[in-house]
Amino acid sequence: MRKILIAPSLLASNFLKLEVEVKRMVEGKADFLHYDIMDGHFVPNLSFGIPVVQAITSAFRIVHDVHLMISNPSEYFEAFAKAGANIITFHFEAAKDVKTIKSWIKQIHKLGVKAGISIKPKTKVEVLKPLLGMVDLILVMSVEPGFGGQTFMPSAIAKIKWLRHQLDAGHLHTLLEVDGGINLETSKRCIDAGVDILVAGSYLFNQVNVVKAIQDLKHE
Ligand code: DX5
Ligand code: ZN
């Protein structure tokens with residue numbers, strides 16, 4: 001039985017009381033904290049940056065999962081590593097070729113941090129085949145990146161199934177993460193398809209009983 005991990009997306013938190021919101025998730029037994037970094041260029045939205053990540057990582061012991069939705073990610077790997085990121089995930093679509101992607105993965109590993117790669121809904125999953133054994137995490141977007149509170153795109157299920165098959169066939173321990181529109185119903189479909197990590201924003205931050213909500217999302 002695969003262990004399911006839950007990563008609340010801080011984009012959905014009430015920024016007026018960020019410490020309280022993070023504490024709610026950590027005490028609610030979240031496994032990771034998910035940081036959505038947006039540059040207003042790679043995606044049509046601006047979120048938050050390094051000072052916010054630094055403030056939270058210095059105060060909370062948990063896995064810090066940084067999702068870079070920016071056009072020039074390699075210019076910020078070192079700064080996010082120094083800010084306490086444990087996983088740095090960049091987008092396949094931000095790189096001009098696979099050679100560049102391989103050098104970015106090496107760059108992140110040199111910083112002593114885990115490397116992740118993400119694909120947008122319109123990107124074919126097969127593009128990841130040459131990279132499967134090199135990354136620590138693969139993030140399948142189940143919404144068009146840029147905003148929280150969107151509806152889950154079912155096309156993500158086939159991608160998760162294909163990746164799960166490839167990873168198991170290759171005896172690879174790469175973690176499989178899904179992000180966007182995750183709730184009780186869509187989490188079950190993603191778990192059945194073979195996912196390891198569920199990112200959830202609006203669903204979790206709108207809950208009163210976070211402990212129960214996180215437990216329910218795992219369908220254990
Ligand atoms: C969207 C972000 C997601 C988003 C998830 O671009 O990458 O992490 O915040 O929020 P929900 O769960 O509300 O779709
Ligand atoms: Zn995200």
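Numbers for residues simply follow the sequence, beginning at 1. Each ligand, and each atom within it, is numbered from 1 in the order the structure gives. Atom set for the values below is all heavy atoms of this structure, side chains included, hydrogens, waters and symmetry mates excluded.
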Least distance between heavy atoms, Gln166 atom then Leu132 atom: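 Closest approach of Gln166 to Leu132: CB-CD1, 3.6 Å.
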I need the nearest protein heavy-atom contact for [atom]: residue, atom name and distance, please.
| atom | result |
| --- | --- |
| atom 3 (C) of ligand 1 | Asp179 OD1, 2.9 Å |
| atom 1 (C) of ligand 1 | Phe147 O, 3.5 Å |
| atom 10 (O) of ligand 1 | Gly148 CA, 3.7 Å |

Backbone or side-chain N or O of [X] under 3.5 Å from ligand 1 N or O:
| X | answer |
| --- | --- |
| Pro145 | no |
| Tyr203 | no |
| Gly181 | yes |
| Asp36 | yes |
| Gly201 | yes |

Within the 4.0 Å heavy-atom shell around [X], which atoms of ligand 1 are there?
| X | value |
| --- | --- |
| Gly146 | 1 (C), 6 (O) |
| Met38 | 6 (O) |
| Ala200 | 12 (O) |
| Leu11 | 9 (O) |
| Met69 | 6 (O), 7 (O) |
| Met141 | 7 (O) |
| His67 | 7 (O) |
| Gly149 | 11 (P), 13 (O), 14 (O) |

Tell me which one of Ile138, Asp168, Thr174 satisfies side-chain contact (heavy atoms from CB on, under 4.5 Å) with Leu163.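 Only one of Ile138, Asp168, Thr174 forms a side-chain contact (heavy atoms from CB on, under 4.5 Å) with Leu163, namely Ile138.
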Side chains of [X] and [Y]: donor-acceptor distance under 3.5 Å anywhere?
| X | Y | result |
| --- | --- | --- |
| Glu93 | Thr123 | yes |
| His219 | Asp192 | no |
| His64 | Asn86 | no |
| His41 | Ser71 | yes |

Suppose we only allow N, O or S atoms; which atom of Asp36 ends up nearest to the Zn ion (ligand 2)?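 When I compare the N, O and S atoms of Asp36, OD1 is nearest to the Zn ion (ligand 2).
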Quick one: report the N, O or S atom of Asp179 that is nearest to the Zn ion (ligand 2).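 The atom in question is OD2.
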Should one rank Ser9, Gly180, Ser202 by closest heavy-atom distance to atom 13 (O) of ligand 1, which comes out on top?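 Looking at heavy atoms only, Ser202 sits closest to atom 13 (O) of ligand 1.
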Report yes or no: does Asp65 contribute a side-chain atom to a donor-acceptor pair with the main-chain N or O of Ile87 at less than 3.5 Å?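 Absent.
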Using modelled atom types and a 3.5 Å cut-off, is there a donor and acceptor pairing between side-chain atoms of Ser142 and backbone atoms of Gly180?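 Between the backbone of Gly180 and the side chain of Ser142 there is a qualifying donor-acceptor contact (under 3.5 Å).
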Lys/Arg-Asp/Glu bridge criterion (N-O < 4.0 Å) met for Lys122, Glu144: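 Between Glu144 and Lys122 there is a salt bridge, with a charged N closer than 4.0 Å to a carboxylate O.
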Parallel, tilted or perpendicular for Phe77 and Trp104, by the 30°/60° rule?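 Plane angle over 60°, so perpendicular.
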Exceeds 12 heavy-atom contacts within 6.0 angstrom, atom CZ of Arg61: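 Open: at most 12 neighbouring heavy atoms sit under 6.0 Å from CZ of Arg61.
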Which distance, rounded to the nearest 0.5 Å, do you find between the CD1 of Ile191 and the NZ of Lys218?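 Answer rounded to 0.5 Å: 9.5 Å.
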Nearest 10°: the angle subtended at the Zn ion (ligand 2) by His67 ND1 and His34 NE2?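 His67 ND1 and His34 NE2 form an angle of 100° at the Zn ion (ligand 2).
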